[in-house]
Engineer: 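What follows is a single structure, and I will ask about it in a moment.
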Number of protein chains: 2
Amino acid sequence: MDEAADRTLPARNGRAARVTIHDVARASEVSIATASKALSGQGRMAVATRERVKEVAKALSFRPNAIARALLKQRSFTIGLLTDDTYGRFTLPVMAGISEALVDRGVSVFLCSVERDSAVGQSHVDAMLEKQVDGIIASGKRLDRRLSVDLSVVDVPVVYAYCEGPEGSIGFVSDDRAGACLAVERLMALGRRRIAHVTGPADFAVVPQRARGFAEALARAGLRPFTEHPMVGDWSEAWGFAAAERLLADPAGRPDAVFCGNDQIARGLIDALTLRGVAVPGDIAVVGFDNWEIFAAATRPPLTTVDMNLKDLGRHAGLTLLDLVEGRPVPPGVRALPCRLVVRRSCG
Amino acid sequence: MDEAADRTLPARNGRAARVTIHDVARASEVSIATASKALSGQGRMAVATRERVKEVAKALSFRPNAIARALLKQRSFTIGLLTDDTYGRFTLPVMAGISEALVDRGVSVFLCSVERDSAVGQSHVDAMLEKQVDGIIASGKRLDRRLSVDLSVVDVPVVYAYCEGPEGSIGFVSDDRAGACLAVERLMALGRRRIAHVTGPADFAVVPQRARGFAEALARAGLRPFTEHPMVGDWSEAWGFAAAERLLADPAGRPDAVFCGNDQIARGLIDALTLRGVAVPGDIAVVGFDNWEIFAAATRPPLTTVDMNLKDLGRHAGLTLLDLVEGRPVPPGVRALPCRLVVRRSCG
DNA sequence: TCAGTTTGGGAAAACGTTTTCGCAGCCGGT
DNA sequence: ACCGGCTGCGAAAACGTTTTCCCAAACTGA
């Protein structure tokens with residue numbers, strides 16, 4: 001054991017040489033085969049031997065080299081995460097979920113942002129493949145847009161999380177239609193009947209989805225939307241503000257609730273209502289969508305809103321990729337995962 | 001060549017077997033040694049041979065196995081990025097900078113969020129070390145806080161980016177004092193003389209730093225702050241709003257400019273001023289800090305603010321880590337990198 | 001023709017693991 | 001005494017590279 005202990009000869013330009021399983025074997029006076037089996041719990045051997053090896057390994061603070069193992073097993077326990085969401089609003093929770101699901105399986109995650117330039121994106125993908133990632137997760141900021149790189153030809157499994165994938169791929173998205181139902185049902189349960197929908201640009205896939213959930217929930221209750229069509233604008237506070245003024249100016253009367261397409265719109269809308277002396281939720285209840293804390297928790301009153309469970313979505317994507325990597329069959333198609341209503345005070 | 005071309009026998013549970021340098025060598029009718037040298041540009045050989053090997057490699061779409069190379073060279077071309085900034089406000093730009101600086105050097109980045117629980121953080125670090133990262137960058141959401149994991153004992157180089165490190169370590173932070181000077185100098189250049197400072201909690205290191213820059217810039221111009229001490233509150237819009245009302249209520253008169261400790265405060269302050277009929281920037285000019293686009297671009301008028309150049313900070317951290325990894329000497333200490341004033345309309 | 005030099009290319013070791021196979025030694029049963 | 005089976009452990013191959021020699025063959029000059 002002392003023989004190995006003083007083997008801290010400098011190497012690797014100044015840093016201590018790594019301690020390998022050879023060192024452990026030598027110090028335990030067994031072969032490397034036995035050392036390996038002792039540490040991995042495989043193989044037959046005297047329990048005394050196994051314990052001795054384990055103790056020596058700990059004493060030397062042996063850390064197995066995952067690179068060597070990866071080379072042998074053809075499996076790197078590493079995946080790549082691609083995203084075009086520089087801002088991180090959507091990708092970060094997804095990433096957290098992936099990471100959480102995979103870390104205790106020993107899988108690490110390479111993160112790359114691909115932006116719009118597909119050349120640098122492709123070089124990122126190449127780097128990942130050279131590093132022998134076991135699989136790739138593609139993620140984005142819009143679930144109706146593809147990434148700028150083509151992943152259909154890579155020879156490792158790919159899953160798409162909050163991002164459009166090619167035909168026949170495996171994807172996870174949030175079920176925005178059902179999420180919208182949740183919101184509207186809540187409003188109706190609180191006795192609201194004249195419910196308006198103020199939302200974002202119609203070319204975002206989520207806009208018709210949320211609108212459909214809104215319409216369906218109302219229809220099931222035998223109600224009609226307050227305005228015949230959802231009021232579409234952009235995703236800004238300014239639009240929410242303007243929409244509120246339009247609603248208040250309507251001679252046909254006021255809604256008693258508004259379901260907003262996202263939290264920024266809700267924020268602007270609430271600001272406008274408050275400014276006009278309309279009580280929220282007293283006169284008009286408001287529900288948002290996204291649960292973007294920085295907005296939802298800062299509005300007065302705090303905003304009831306739909307959370308897309310992005311972390312959960314990430315967990316599912318991670319576990320599914322693992323299934324694929326380990327050869328378990330996964331049917332193709334995109335799964336819509338449920339949203340969750342976060343109740344705060346803006347809905348009464 | 002056909003001999004190798006039909007060697008696409010299935011392996012790796014269903015997926016095509018990887019093409020290795022052996023395949024390239026066989027198809028080019030050279031040894032693997034020659035193939036390696038041909039592809040890497042090393043060694044002497046007939047130019048015809050080199051070209052032939054290269055063409056065959058391209059035809060087979062050969063991708064060198066970075067794992068094998070890493071094992072041999074004792075260098076994985078991989079680094080770990082640790083962060084406790086789940087929200088990503090600070091880490092994401094830093095990450096983008098790191099990535100940008102390192103990708104064309106062939107270095108990939110493992111991202112891990114460590115949160116507060118140091119046990120899972122430690123397991124992340126262990127996973128990284130087992131995967132033989134060449135170095136680690138620690139990053140956070142507050143430059144006066146340490147990460148929950150101890151990196152002083154790991155045997156790879158570590159640099160700290162927007163995060164406190166142990167004594168004698170290498171770190172990068174933004175020069176908030178100088179950034180504050182920039183802001184105040186701008187206001188003075190525009191003729192403002194009665195400048196107030198509304199900022200966040202004093203236990204954030206950035207608060208005294210920004211306050212010092214504020215005070216110094218004024219002193220250099222022979223001016224005195226509008227209030228004797230900076231007005232401290234929390235980092236919220238609500239505090240900005242309240243501060244505005246306090247300033248307007250002051251019988252001693254109004255300031256003609258306010259330098260805010262962050263963009264949220266600025267946002268609330270502008271809202272309050274506008275509500276009171278005070279023109280921004282006509283009556284009172286406002287400058288923020290952070291350049292958090294979602295706030296800075298959404299205020300009316302758009303907010304002039306100090307950008308911390310976090311992406312640049314990330315680039316520096318990445319390149320410095322690379323220096324360390326490759327054995328180039330780097331003096332210890334923390335470097336304060338300059339901020340940049342982003343001029344929009346709120347300062348006139 | 002011969003010695004010396006250059007040129008083109010290959011054999012083999014090395015990196016740190018895991019795993020298969022086999023070999024001693026021992027025990028129990030006949 | 002001999003055979004079969006079990007136990008404990010080790011030798012060696014394998015993963016895909018890079019790099020260090022080394023060796024032929026070709027060429028050079030006299």
Side-chain angles (χ1 to χ4, degrees), chain A residues 4 7 11-12 17-54 56-57 60-78 106 129-134, chain B residues 4 7 11-12 16-54 56-57 60-78 106 129-132 134:
Chain A
R7 200 189 148 280
R12 303 169 56 227
R18 311 182 204 232
V19 11
T20 75
I21 200 167
H22 288 89
D23 302 315
V24 174
R26 194 163 346 111
S28 322
E29 298 176 306
V30 296
S31 70
I32 55 165
T34 303
S36 173
K37 283 179 287 196
L39 295 173
S40 65
Q42 305 292 112
R44 298 171 323 198
M45 75 188 53
V47 42
T49 310
R50 193 183 294 276
E51 289 310 312
R52 181 160 40 96
V53 174
K54 282 187 174 174
V56 169
L60 296 181
S61 63
F62 166 67
R63 214 191 296 276
N65 184 328
I67 294 272
R69 182 187 291 135
L71 184 58
L72 187 60
K73 308 286 285 303
Q74 306 274 57
R75 177 104 150 67
S76 65
F77 287 89
T78 281
L129 293 175
E130 287 190 7
K131 298 220 165 87
Q132 312 294 119
V133 292
D134 296 330
Chain B
R7 200 187 149 281
R12 302 169 56 227
R18 309 181 206 234
V19 13
T20 75
I21 202 168
H22 288 89
D23 301 317
V24 175
R26 192 162 349 110
S28 325
E29 299 176 307
V30 296
S31 71
I32 55 164
T34 305
S36 174
K37 283 180 286 195
L39 294 174
S40 67
Q42 304 293 111
R44 296 171 323 198
M45 74 187 54
V47 41
T49 309
R50 194 183 293 277
E51 288 310 312
R52 182 161 40 96
V53 173
K54 283 188 173 174
V56 169
L60 296 182
S61 62
F62 166 67
R63 214 190 297 276
N65 185 329
I67 294 272
R69 181 187 291 136
L71 183 58
L72 187 59
K73 308 286 283 304
Q74 305 274 57
R75 176 108 148 64
S76 66
F77 287 89
T78 280
L129 292 175
E130 287 190 6
K131 298 223 164 83
Q132 310 295 120
D134 296 329

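The shown structure was predicted, so the numbers you read here are calculated from the model rather than taken from an experiment.
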Engineer: Can you measure B:Asp23 atom CG to D:dG16 atom P for me and round it to whole angstrom units?
Structural biologist: 9 Å

Engineer: So, for A:Lys37 and A:Arg50, which heavy atoms are closest and what is the spacing to 0.1 Å?
Structural biologist: O-NH1, 3.1 Å

Engineer: Which nucleotide wins on minimum distance to the side chain of A:His22, given the candidates D:dG16, C:dT17, C:dG9?
Structural biologist: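 Between D:dG16, C:dT17, C:dG9, the one nearest the side chain of A:His22 would be C:dT17.
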
Engineer: Could you report the tightest heavy-atom contact between A:Ala27 and A:Leu60, atom names first, then the distance?
Structural biologist: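 Answer, listing the atom of A:Ala27 first, then A:Leu60: CB-CD1, 4.3 Å.
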
Engineer: Rounding to an integer number of Å, can you tell me how far A:Arg26 CZ sits from C:dG16 C1'?
Structural biologist: 13 Å

Engineer: Can you give one letter per nucleotide of nucleotides 22-28 of chain D, 5' to 3': B if a protein heavy atom sits under 4.0 Å from the base, S if only from the sugar-phosphate, - if neither?
Structural biologist: -------

Engineer: Would you confirm whether A:Ser76, through its side chain, and A:Gln132, through its main-chain N or O, come within 3.5 Å as a donor-acceptor pair?
Structural biologist: yes

Engineer: Between B:Leu72 (CG) and D:dT18 (C1'), how many Å, whole number?
Structural biologist: 5 Å

Engineer: Is the phosphate of C:dA14 approached by B:Lys73 (side-chain N or O, under 4.0 Å from OP1 or OP2)?
Structural biologist: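 Answer no for this pair, as no side-chain N or O of B:Lys73 is under 4.0 Å from OP1 or OP2.
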
Engineer: Taking all heavy atoms of A:Phe62 and all of A:Leu39, pick out the closest pair and write down the distance.
Structural biologist: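 Taking A:Phe62 first and A:Leu39 second, the nearest heavy atoms are CE2-CD1, 3.6 Å.
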
Engineer: Taking atom C1' of C:dG16 as reference, at what distance in whole Å does atom CG of A:Asn65 sit?
Structural biologist: 6 Å

Engineer: Relative to the 5' end of DNA chain C, which residue comes earlier, B:Arg52 or B:Ala68, by the nucleotide with the nearest heavy atom?
Structural biologist: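 So the residue in question is B:Arg52.
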
Engineer: Just the rounded figure in Å: distance from P of C:dC15 to CG of B:Leu71.
Structural biologist: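 That distance rounds to 9 Å.
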
Engineer: Please state how far atom CG in B:Leu60 lies from atom P in D:dG16, giving the value in whole angstrom units.
Structural biologist: 15 Å

Engineer: More than 12 foreign heavy atoms under 6.0 Å from CD of A:Glu51: is that the case here?
Structural biologist: yes

Engineer: Take atom CD1 of B:Ile67 and atom P of C:dT17, then tell me their distance rounded to the nearest Å.
Structural biologist: 14 Å

Engineer: Base, sugar-phosphate, or nothing for A:Ser40, non-hydrogen atoms under 4.0 angstrom?
Structural biologist: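 Counting heavy atoms under 4.0 Å across all strands, no contact is made by A:Ser40.
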
Engineer: Can you measure B:Leu39 atom CG to D:dT19 atom P for me and round it to whole angstrom units?
Structural biologist: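 So the two atoms are 13 Å apart, to the nearest Å.
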
Engineer: Check whether any side-chain nitrogen or oxygen of B:Gln74 sits under 4.0 Å from OP1 or OP2 of C:dG16, and answer yes or no.
Structural biologist: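 Answer is yes, contact under 4.0 Å.
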
Engineer: How close do B:Gln42 and B:Met45 get, counting heavy atoms only, and between which atoms?
Structural biologist: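 Scanning both residues completely, I find the closest heavy atoms to be O-CE, 4.5 Å.
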
Engineer: Counting only non-hydrogen atoms, which of residues 30-38 of chain A are less than 4.0 Å from DNA chain C?
Structural biologist: A:Ile32, A:Ala33, A:Ser36, A:Lys37

Engineer: Determine whether a donor-acceptor pair (N or O, by modelled atom type, separation under 3.5 Å) exists between the side chain of B:Ser28 and the backbone of B:Val30.
Structural biologist: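 Answer holds: no.
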
Engineer: Among C:dG9, D:dG16, D:dA14, which nucleotide has an atom closest to any side-chain atom of B:Thr49?
Structural biologist: C:dG9

Engineer: Which heavy atom in A:Val19 sits nearest to a heavy atom in A:Ser61, and how many Å separate them?
Structural biologist: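 Distance-wise, the nearest heavy atoms are CG1-O, 4.2 Å.
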
Engineer: Can you check whether B:Leu71 reaches A:Asn65 side chain to side chain, under 4.5 Å on heavy atoms?
Structural biologist: yes

Engineer: Check step by step if side chain to side chain contact (heavy atoms under 4.5 Å, CB included) holds for B:Lys131 and B:Thr78.
Structural biologist: CA-CA 9 Å; B:Lys131 298 223 164 83; B:Thr78 280; 5.9 Å; no

Engineer: With respect to the phosphate group of C:dT20, does any side-chain polar atom (N or O) of A:Gln42 fall under 4.0 Å of OP1 or OP2?
Structural biologist: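 No, A:Gln42 has no side-chain N/O under 4.0 Å of OP1/OP2 on C:dT20.
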
